[in-house]
Amino acid sequence: MTTIPPASELGTHSVANQPAPRMARDLWQEDQPLRDAVAAAGGRAADLATTGVVLGSASMLQAAEDARRDPPRLHLFDRTGQRLDEVRFNAGYHQVMQTAAAQGYATCAWDGQPGGHVTHAAQVYMLSQVEPGCCCPLTMTYAAVPALAANPALERIWRPRLASGVYDPSIRPVEAKAGATLGMAMTEKQGGSDVRANTTRAEPDGEVYRLTGHKWFCSAPMSDGFLTLGYAPGGLTCFLVPRWLEGQRNAIRLQRLKVKLGNVANASSEIEYDGALAYPLGGEGQGVRTIIEMVHHTRLDTAMAPAGLMRAALAEAHWWVSGRSAFQRRLIDQPLMRTVLADLALDAEGALAVGMYVARAFDRDDEGARALARIGVALAKYLSNKRCVTVIGEAMEVLGGMGYVEETPMPMLYREAPLNGIWEGSGNVICLDILRTLARDPLAGAALAQVLDGARGQDRGFDAALEAHRARWPGLPEEAQARWFAESLALLLTAVALMEMSSGPVAQDYIRTRLGGERGILPGAVAGLQTDHILDRLGRREGASFDRDT
Ligand SMILES: Cc1cc2nc3c(=O)[nH]c(=O)nc-3n(C[C@H](O)[C@H](O)[C@H](O)COP(=O)(O)OP(=O)(O)OC[C@H]3O[C@@H](n4cnc5c(N)ncnc54)[C@H](O)[C@@H]3O)c2cc1C
């Protein structure tokens with residue numbers, strides 16, 4: 001128990017009962033749930049052990065802070081008035097990008113070794129804890145790789161550079177670079193979810209096309225190229241638009257950078273194509289089918305990132321209450337605080353486990369696994385992002401007033417919390433997608449049913465919840481119930497993932513409180529959680545050192 005000296009012994013500037021800032025950390029070794037999930041899902045533990053040390057190092061934390069403190073700036077023209085259309089970044093941004101790329105963030109899924117997507121997913125989880133803005137450009141680079149298969153000639157040029165692990169921000173045509181990044185520009189002013197409302201035009205020009213139009217959101221505009229959609233004579237088509245051509249800039253005009261709630265290290269821009277040269281990826285009219293390959297993979301990352309954000313917030317909250325006392329007792333020893341933290345930790349463990357469960361399906365090369373990945377990634381993305389906002393808001397409150405102060409990571413995490421839920425299919429859109437997938441893709445429904453049925457017999461609460469779900473929805477629900485239906489299915493899938501990939505007590509408590517309804521509506525409104533066990537998995541408790549780490 002921390003002893004607070006009487007006021008008479010404190011000078012005016014003495015500091016007591018303030019936990020030291022949490023400095024460098026080992027994002028792998030200190031995270032039991034992550035190690036369990038990666039082992040169960042078949043990820044590359046040895047590589048991730050290195051990544052955990054590198055991404056959690058003091059120099060990486062400093063670089064991440066620098067990248068956010070000094071956000072990207074737009075440089076439209078040079079001194080003479082020539083167009084530049086460049087974005088300049090703080091050195092910290094480049095350091096984070098270079099380090100994460102070298103750890104294999106965008107590449108390990110494509111090197112042909114087992115467990116690549118699980119390993120990638122674990123890297124998303126870890127990098128989200130340190131600098132979430134840098135996830136976006138690396139995620140798009142990872143996810144663009146499978147879409148390139150639609151044009152083998154382009155794939156030959158781009159794939160080795162995307163999958164090189166080399167971060168090369170220099171301004172040159174891709175052929176002259178050892179490493180490259182790709183972005184994605186789909187969203188237009190009149191519609192983001194509804195890409196068929198695009199107005200960008202693509203005029204054939206020999207083997208290539210010329211694009212004219214405006215994209216309302218284009219993150220990472222310093223990428224070497226962008227996958228984009230435009231209307232060719234044969235319908236909505238996917239294109240690769242390189243940023244640099246031999247000897248000149250492509251006609252992609254940056255208009256302005258968005259001023260955003262968070263994700264500030266990542267530049268998000270508005271762009272105009274002014275007759276920009278574009279290579280077709282797939283045939284005319286096949287645009288959605290082609291880009292969906294990319295979206296499928298970015299969705300995996302938007303399902304994993306909230307797990308990382310929740311982990312970061314809860315690890316910070318746990319650290320804080322382990323070093324802070326109120327009413328003569330350490331906060332971590334107070335029963336109500338323990339219940340609140342343990343309840344929040346169940347959501348974080350659930351998000352991690354279901355993300356890893358789905359990532360493993362990405363790694364498997366059979367029809368059933370691919371079908372499970374199609375439906376599972378949407379369920380995981382929906383539930384985990386919805387929990388993320390609540391969990392981080394509550395974790396902020398655990399730090400009391402200091403949770404609202406920018407010197408702690410909580411405000412940054414709070415600003416990040418809603419973002420992964422918005423992009424790659426916002427809440428309603430993802431729930432309607434789940435209904436569509438189940439209606440049109442019988443393999444996906446069958447794969448999900450097999451997984452749910454296969455988990456029967458381990459936990460009576462789970463069995464009852466599955467039966468109740470099927471009794472309530474013998475078929476697909478009407479559209480207005482899509483959220484309720486998706487939530488119910490996502491909770492069931494998360495429970496399956498926890499039963500396999502986490503500990504027994506975590507899975508039991510998750511099922512009892514999330515599927516069995518033994519709780520109120522708000523976080524912490526539960527009884528009988530196995531708090532010692534859950535909190536031991538969250539972080540160090542007894543004998544924790546609050547000295548600055550190395
Ligand atoms: C920081 C940031 C970076 C981004 N970067 C990129 C990028 O690099 N490239 C890119 O292409 N885009 C990018 N986006 C855009 C993002 O992907 C879109 O904003 C998102 O897809 C939603 O599209 P929208 O904004 O047009 O919303 P809308 O499509 O107008 O949707 C608005 C709301 O209506 C709901 N809705 C839509 N249809 C239905 C329906 N049928 N029934 C019920 N509800 C419905 C949606 O769920 C949403 O909540 C970025 C966005 C942000 C915030």
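Below, all heavy atoms of this structure are taken into account, side chains as well, without hydrogens, waters or symmetry copies. Index from 1, following the sequence. Every number for a ligand or one of its atoms is a count from 1 in the order of the listing.
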Checklist outcome for this item: With sequence neighbours left out, the residues meeting salt bridge (Lys or Arg N to Asp or Glu O under 4.0 Å) with D224 are K177
Checklist entry - Is it true that W110 and H117 have ring centroids separated by less than 6.0 Å? => result yes
Checklist entry - So does E270 pair up with K215, basic N to acidic O under 4.0 Å? => result no
Checklist entry - Taking side chain as C-beta onward, heavy atoms only, is E86 less than 4.5 Å from M222? => result yes
Checklist entry - Side-chain contact, heavy-atom cut-off 4.5 Å: L182 with F226? => result no
Checklist outcome for this item: Of I430, V358, L448, the one forming a side chain to side chain contact (heavy atoms under 4.5 Å, CB included) with L379 is L448
Checklist entry - Which protein residues have a heavy atom under 4.0 Å from ligand 1? => result M184, A185, M186, T187, G191, G192, S193, F217, C218, S219, K260, S268, L419, I422, W423, S426, N428, V429, L432
